[in-house]
Every structure is written in C-alpha cells, then in structure tokens.
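Have a look at the structure below, then the notes.
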Amino acid sequence: MFRPLSLFIGLRYTRAKRRNRFISFISLVSMLGIAVGVTALIAVISVMNGFDHELRDRILGMVAETTISGVDGSVRDWPHAVRVAEAMPHVIAAAPYVEHEAYLRGQRSQGAVIRGIEPAYENKVTSIGQRMVQGSLSSLTPGSWNIVLGRDLALNLGVTVGDHVVVFVPEITATPIGAIPRLRSFTVSGIFGAGIEQYDAGLAEINMQDAQKLYQQSGPTGIRLKLDHPFLAYQVGRELAQKLGGLYAVSTWMDSHSNFFKAIAMEKKVMFIILSLIVAVAAFNLVSTLVMLVTDKQADIAILRTMGAAPRTVMGVFVVQGMISGLIGIGLGVLGGVLLAINLPAIVDGIQTLFHVQFLSPDVYYISNLPSRLEWRDVGWIALLAFVFSVLATLYPAWRASRTQPAEALRYE
C-alpha cells in the first residue's frame, strides 16, 4: 500500500470532485484569500524597501559614511592622512573638508552650514557633483570665492547663478574702529538638488582653501571617507583614528541619521504585522473549509477507523489537505506579489498618465516616483509565515476528524 497513507488519501481528497459544491467554493475562496494577502504583503514590503533604499542612496550621496575630525579643530598634514585612509581596507576614497556655520545674505537672509571642499576629492566621496541643477563643482577653484548653494537655500536667499551672497562668520575681528563681524562676498557659481530638505535648504559649498582663509584655519576640519560597505563605518573610522594618532572624533552617517532610519524600519515592521493579520485571516478561513469537509466525510473517516487506521493517520489526512490548499494559495500569492512588486512603478506611472493624476507631487515630495525594491529574503519570510498560518489552521479540524467514533458516524448510513 502507498506510504504514507495520510499523504495518499489527502492527495486523493484534494483531486476528487466535491459532492458539496459549497465546500469547493469555500475552499477556493480560502486559497484566493491567502493569495491576495501574500501578494499585498510582498508588494507593500517591496515599496517600503524601495523608499528605504532611495532615501539611503540620497543621504549617502550627500554625506560620507565616516567622518574623522580633529578634536582641536583641524587636521594637520591632511595629504598624509588621506593617503593613510585610502590605503585601509574597505575605504574607496577620502576627502578633506572644512565645515562651519555661517549667516548668508542675498536678497533675503538665512543661516546655513558652509562646507569647504576640494572638488577633485569630493566627487570621489559624495555624489553632489551629479546632483548639480546649475553650474558645476569644478567652479570652486582656490581664490575664486565662488559658492554652490542648495536649491531651497538659493530660493530662500532669492539668488541664482551669477548673483552675489555675503557670508557672515559668527566671529568678530578687532579693528581700530571696534569689533566687527568677519564677512566675505561670494559669487553663486552653482546650485544642487540633493532631494533631502536638510541639505537643499541648509548647505553651501566653497573651495577648502577659501574656507580656511575665511575661518582663519591652518588645516581642514577633518576627513570624510567613502566605504565599500556603509555598515562598517564606525569600525573603519576607529581604525583610522588609531593609525593617525593624536585626538580625533569619529562620527558616522548612522549617528546623524539614526532616528530617521529607525523610523523607517519601525514603519516597515508595523506594516508587516498589520498585513500579516490579513494573511492570517485568509489562512484561518481554511478552518471553516476543513470543518465542513470533515462533516461531509464522516462515513469515510468511520470506514478508515474500522479498517484499523490510527487517529493520527486520520488527522494527517486533513492536515495534508489543508496544507495543500495553503501551498496553492501561497504559490499564487508569491507569483502575483513578485510580478506586482517588479512592475509596480510602471503600473503607477501608467495609472498617472491614464487618469492625469500625480500620487507623489514633486512640489511636495522629493521622491516623485513610487519606488519598489524586491528582496527575496522578505519573500521567503512572507511565504514561510503564510505556511505556518495554514498549518495552524488545519490542526483543529484534523483533530476533530481523528476523534470521530465509527459507530456513531455509521449509525444512519
């Protein structure tokens, strides 16, 4: 005889035509419910992954993964420090910088962070050169006194390329006529759009040598590193600080944006839990299907018991049937979810074009297109979770079937 018997009978029940069409309908609804729940969960998690990846790319395009800054305010012999940094494992590039706060005045006034850079080094560490809306970073040559502004910062100051802005340093200089603030006029030579409010509205870049003269520094504030793996940021920074000697402070992109990414991670977990409940509800519809099936198959169960089938064998028959229904629903859901996640940006663009609507207005959101990033690890976890729910849903009806008494079941047959 075919072994195991539970699997054989369970497969026969699955393939057999139902005498009660209502049971077949309920079984189909249960499978479709699981499929829809799994599809929705995969699609939503993929969109959350897309937003996380897009925002992380934009942030890491503007900030270095690791920053080494001198405790005394400057890094001496920075060319040597850059060579040491670039020779370390996991370090792709290093760039010196000078960074201070200042007050800018154009047609209007606003505070901002002034960052002095060397364009040749900066392009290796950040992608700001690729995000230029007007002009280029190469215009920041020594002694040119040019400045590149964030898009929103230029808008708030009321200036554009070719205009002049006055930079006020929050330090005073003693003169014969008294203490006066240090200031310098700069020519706007470029405007960038990072897609992150913090940088578009609060960052301006100038040449590093001009920044040193403006702030009267003998060297750069620190060194910024580009790594091959952003999550090694703190480890690499500590190793570099030890190699350079002296007192250095190490900061990473995770320190400055930890709350932001924790919020995204928490939102992803909450959405996973909420949508998992939808999958659970769909999976537990199998309970009603199997309960009705057990009632319909009372005579068959009684005959199996009189022929010597053990209660666990009878229980296994209905567990197998419920698992098969669940697996079919999960398979359809995974297929639909993967196809939807891959094609979701194109589908949304098509809907926007067809109905002339904009779901993510570029005037409000920095990400105007719906991003989607399918990760197979998430698909695996979702499929496993749905399978566990399906197995749990079969236990009670299968247990009831195993408790069937042959004499009572065959009394009216």
Side-chain angles (χ1 to χ4, degrees), residues 58-70 73-75 78 81-82 85 93-104 106 110-154 156-157 159 165-171 182-226 249 251-253 255-257:
R58 293 194 179 200
I59 289 175
L60 292 181
M62 291 301 299
V63 302
E65 280 91 342
T66 303
T67 299
I68 306 293
S69 55
S74 63
V75 176
W78 67 264
V82 168
Y97 74 99
V98 172
E99 187 171 289
H100 291 283
E101 294 181 348
Y103 190 72
L104 283 68
Q110 181 180 325
V113 173
I114 301 292
R115 181 182 294 163
I117 63 167
E118 289 288 344
Y121 289 92
E122 187 71 12
N123 284 327
K124 299 177 182 178
V125 175
T126 67
S127 62
I128 189 171
Q130 303 169 13
R131 301 181 184 275
M132 297 298 296
V133 178
Q134 293 178 277
S136 66
L137 280 184
S138 59
S139 63
L140 302 180
T141 55
S144 64
W145 300 103
N146 287 334
I147 188 169
V148 171
L149 304 175
R151 179 171 48 194
D152 291 348
L153 178 58
N156 294 338
L157 294 174
V159 297
V165 296
V166 178
V167 176
F168 294 83
V169 177
E171 297 177 6
R182 194 180 313 144
L183 56 89
R184 178 75 198 199
S185 177
F186 285 81
T187 302
V188 179
S189 62
I191 295 174
F192 65 84
I196 301 294
E197 175 69 17
Q198 177 182 349
Y199 303 108
D200 282 351
L203 178 64
E205 298 203 339
I206 61 177
N207 182 269
M208 192 178 73
Q209 294 185 30
D210 293 347
Q212 289 177 233
K213 293 177 182 177
L214 179 65
Y215 289 97
Q216 297 181 355
Q217 285 189 209
S218 59
T221 304
I223 298 172
R224 289 142 45 87
L225 307 180
K226 177 72 174 178
S251 61
T252 69
W253 66 275
D255 297 328
S256 56
H257 298 88

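Note that the structure is a prediction, hence the values are computed from the model and not measured. Index from 1, following the sequence.
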Applying salt bridge (charged side-chain N to carboxylate O under 4.0 Å, His left out) to R115 and not counting sequence neighbours gives E99, E205
Work out which heavy atom in G129 is nearest to a heavy atom in N123; give both atom names and the distance. CA-OD1, 3.7 Å
Nearest heavy-atom contact between I223 and V82 is CD1-N, 4.2 Å
Write down the atom of A112, the atom of L104, and the distance for their closest heavy-atom approach. CB-CD1, 4.0 Å
Which distance, rounded to the nearest 0.5 Å, do you find between the CH2 of W145 and the CG of N207? 9.0 Å
Full working for side chain to side chain contact (heavy atoms under 4.5 Å, CB included) between V148 and M132: CA-CA 9 Å; V148 171; M132 297 298 296; 3.7 Å; yes
Side-chain heavy atoms of L137 within contact of I117, under 4.5 Å: yes
Rounded to the nearest 0.5 Å, the NZ atom of K213 sits from the CZ atom of R182 at a distance of 14.0 Å
Hey, are the side chains of H100 and I114 touching, using non-hydrogen atoms and a 4.5 Å cut-off? no
Give, for atom CD1 of I191 and atom CD of Q134, the distance between the pair rounded to the nearest 0.5 Å. 4.5 Å
Drop me the distance from Y215's OH to E101's CD, to the nearest 0.5 angstrom. 8.5 Å
Separation between CD of Q209 and CG of L140, rounded to the nearest 0.5 Å: 12.0 Å
Give every residue pair that meets the salt bridge (Lys or Arg N to Asp or Glu O under 4.0 Å) criterion with at least one member in residues 117-138, sequence neighbours excluded. E122-R224
Just by modelled atom types, is the G143 backbone N or O under 3.5 Å from a matching donor or acceptor in the D210 side chain? yes
Report yes or no: does N146 contribute a side-chain atom to a donor-acceptor pair with the main-chain N or O of S139 at less than 3.5 Å? yes
Please determine, by modelled atom types, if S138 and S136 share a side-chain donor-acceptor pair under 3.5 angstrom. yes
Quick one: are L203 and F192 in side-chain contact, heavy atoms under 4.5 Å? yes
Considering non-hydrogen atoms only, spot the tightest contact between G106 and V159 and give its length. CA-CG1, 4.0 Å
Hey, is the main chain of D152 close enough, under 3.5 Å, to the side chain of D200 for a donor-acceptor pair? no
Mind checking the CG-CZ spacing from L214 to R184? Nearest 0.5 Å is all I need. 8.5 Å
Work out which heavy atom in S69 is nearest to a heavy atom in Y97; give both atom names and the distance. CB-OH, 3.9 Å
Nearest heavy-atom neighbours spanning L225 and A94: CD2-CB, 3.6 Å
